[in-house]
Amino acid sequence: MKKVLLLTLSLLLLTAGMAAAAEDWLQIGGDYRFRYDVLKGTVNAYTQAATPPAFGLPAAGPYGEYKVKNNSLMMNRFGLNIKADPMEDVVVKARLVMYKVAGHQTSSPALSVFFADRYGASNDGTVGHVPQDSVLRVDYAFATVNNIFDAPMWFSIGRRPSTGGIPSNYRQNQEKMGTAGIPAILVDYAFDGMTLGYAPDIAKLPGAYAKLCYGRGYESGIKDIQGYSTNLKDTDFLGLNVVPYDTEKLHVEVQYQKGMHIFDMPSDAGVTANLGDIDWLGGVVTTKMGSLNLFASAATSKTDPNGNIGATGSSLLGNPGSTESHTGNAIYVGARYDMGATKVGAEYNQGSKYWIGMIPDGDDLWTGKLGTRGSVYEVYLIQELKRKPISKKGKAFVRLGYQYYDIQYTGSNNWVGAPAKTDNPGTQMMPPLKNAQDLYATFDVQF
């Protein structure tokens, strides 16, 4: 009888250990957000260029100044995060997202005709980051192998977590992403690609690491099919990210990236031409002094047009056939003061006439604010619910915020066509919004 009891106890302990191990290798979390926006803007007097009806733009002709608004835009977003450790030094991470407009199963009520990154055409890199419908879609899914050659080296491949980077996490009330993150002023776009990283152990450079990144922005498909030929090339991106210092109190990050054979239309909307290359260089510094979080970020962009003309009749940041290179720059600064469960923040960003980022996934309704050619001011208040967390990452909070866009040049977040002053825009493909406001509120639950 004693042997039977010992055997039974052993089996129970073994089963419990197996269950614990099975539970430990798989982690599931996520988030829910309800968002309410009040949007107002002013379009300056201009002449609307003639466009095909399929483009969904206003009819050709002169227009006087007019106002646009939406006094009640509501959205629901749900995300499911999965992390699996199938074997030693191998990790798989994925995120599924549903993001929809309340009372609608298309993106049209939340998008507009004012900016290329919020135009209605489908774009591979913005899926899950602009409102669509109630379908749960893959935001990212990738596998990582760590400790390659028994060294602090890793290789990662798949749909990249290349959105929501530092320092935009402050206003989202999120922790800084780990080594997978990138500066928000340079990239906020979902890529399919790969990364090779290395994190040396240097006493005077705590947390230092570097990584080489590759992403496919557009796949041009099979060439020279019988009776049909195309000169389109794939759009690829290369980047070198260096973090020489990474601690809780100080983070320093620099990145260079190059986009090759940039497409002229959203990647899923019928690309007709490759317009040239774009080089970017930028970085970000964040610091924490007690309860005060500060950050400063800056970047520059430089175009190398090939003179090709896109579907809308223009070239890379220029008039039809132009091969003139243009350099743009942008800055992004801000602060957040944490008072326990209450956090107050303020941000400012400014982009020059020829500034162009790769940031259409920015969490902004009018247009990704970090790609604005002009200035954007934002203030926000975060109030966390004082409840005891049950899940590992349990958190719930309300965020109230206000954005004001002072747009100086046309074409924010658009690399096709020459920018013009919004005070005297002349003939334009898209209505030139000169200022815009967004009063928003969100209720977020993270688990």
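Throughout, residue positions are numbered sequentially from 1 according to the sequence presented.
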Which is it for Y189 and F191 under the ring-ring contact (aromatic ring centres under 6.0 Å, His included) test, yes or no, and what are the steps along the way? CA-CA 6 Å; Y189 188 85; F191 283 103; 4.9 Å; yes
Any side-chain donor paired with an acceptor under 3.5 Å for N306 and H261? no
Is the backbone of D188 close enough, under 3.5 Å, to the side chain of T163 for a donor and an acceptor to pair up by distance? no
K93 bridged to D85 by N-O distance under 4.0 Å: no
Under 6.0 Å from the ring centre and within 45 degrees of the ring axis: does the NZ or CZ of K421 meet both conditions for the six-membered ring of Y409? yes
Within a strict 4.5 Å, meaning less than it, do heavy atoms of the Y99 and Q132 side chains meet? no
Begin with the C-alpha distance, continue with both residues' side-chain angles, and end with the deciding distance and a verdict on side chain to side chain donor-acceptor pair (under 3.5 Å) for D37 and N70. CA-CA 8 Å; D37 290 75; N70 188 336; over 6 Å; no
Does one side chain, of N147 or D89, offer a donor that lies under 3.5 Å from an acceptor on the other? yes
Contact check, side chains of P183 and N241, non-hydrogen atoms, under 4.5 Å: yes
Quick one: CG on D133 to NE2 on H104, what's the gap to the nearest 0.5 Å? 11.5 Å
side-chain hydrogen bond (donor to acceptor under 3.5 Å, both in side chains) partner of T42, chosen from K434, Q437, K67: K67
Please say which of Y170, F295, Y348 ends up in a ring-ring contact (aromatic ring centres under 6.0 Å, His included) with Y332. F295
Between the side chains of N146 and E88, does any donor sit under 3.5 Å from an acceptor? no
Is the shortest heavy-atom distance from the side chain of I278 to the side chain of D304 under 4.5 Å? no
Does D246 come within less than 4.0 Å of K176, counting only side-chain N to carboxylate O? yes
Check whether any side-chain heavy atom of T367 lies under 4.5 Å from a side-chain heavy atom of Y405, and answer yes or no. yes
D279/K302 ion pair, N-O < 4.0 Å: no
Check whether S301 reaches the backbone of G357 with its side chain - one donor and one acceptor, N or O, closer than 3.5 Å. no
Evaluate the criterion side chain to side chain donor-acceptor pair (under 3.5 Å) for residue pair D234 and S220; output intermediate values, then yes/no. CA-CA 5 Å; D234 299 334; S220 59; 2.7 Å; yes
Do the side chain of T126 and the main chain of N123 share a donor and acceptor less than 3.5 angstrom apart? yes
May I ask you to decide whether R336 forms a salt bridge with E347, counting only side-chain N to carboxylate O separations under 4.0 Å? no
Does V187 reach the side chain of Q255, with side-chain heavy atoms less than 4.5 Å apart? yes
Pair N414-D117, side-chain donor/acceptor within less than 3.5 Å: no
If we check side-chain hydrogen bond (donor to acceptor under 3.5 Å, both in side chains) with H251, which of these qualifies: E248, K249, E253? E253
Beyond-backbone contact of V113 with P431, side-chain heavy atoms, under 4.5 angstrom: yes
N/O donor-acceptor pair under 3.5 Å between S352 side chain and N329 backbone: yes
Aromatic ring centroids of W415 and Y354 under 6.0 Å? no
So do I356 and L317 actually touch side chain to side chain, heavy atoms under 4.5 Å? yes
Within the structure provided, determine whether M194 and S156 are in side-chain contact (heavy-atom separation under 4.5 Å). no
Is a side-chain N or O of R33 found less than 3.5 angstrom from the main chain of D444, in a donor-acceptor match? no
Measure from the side-chain N and O atoms of T422 to the backbone N and O of P432, and report whether any donor-acceptor pair falls under 3.5 Å. no
With no hydrogens and no angle check, do the side chains of D264 and T272 hold a donor and an acceptor under 3.5 Å apart? yes
For the residue pair Q383 and T342, confirm or rule out a side-chain donor-acceptor distance under 3.5 Å. yes
With the threshold set at 4.0 Å, does a side-chain nitrogen-carboxylate oxygen contact exist between D438 and R35? yes
Would T106 and S108 count as having a side-chain donor-acceptor pair, cut-off 3.5 Å? yes
Quiz question: by atom type and distance under 3.5 Å, do the side chains of Y440 and R399 form a donor-acceptor pair? yes
Just checking, any donor-acceptor pair under 3.5 angstrom between side chains of Y32 and N76? yes
Between V43 and L433, which heavy-atom pair has the shortest distance, and what is it? CG2-CD1, 3.6 Å
With D192, the salt bridge (charged side-chain N to carboxylate O under 4.0 Å, His left out) member among R216, R160, R159: R159
Taking only Lys NZ, Arg NE, NH1 and NH2, and the carboxylate oxygens of Asp or Glu, determine whether R95 and D31 approach each other closer than 4.0 Å. yes
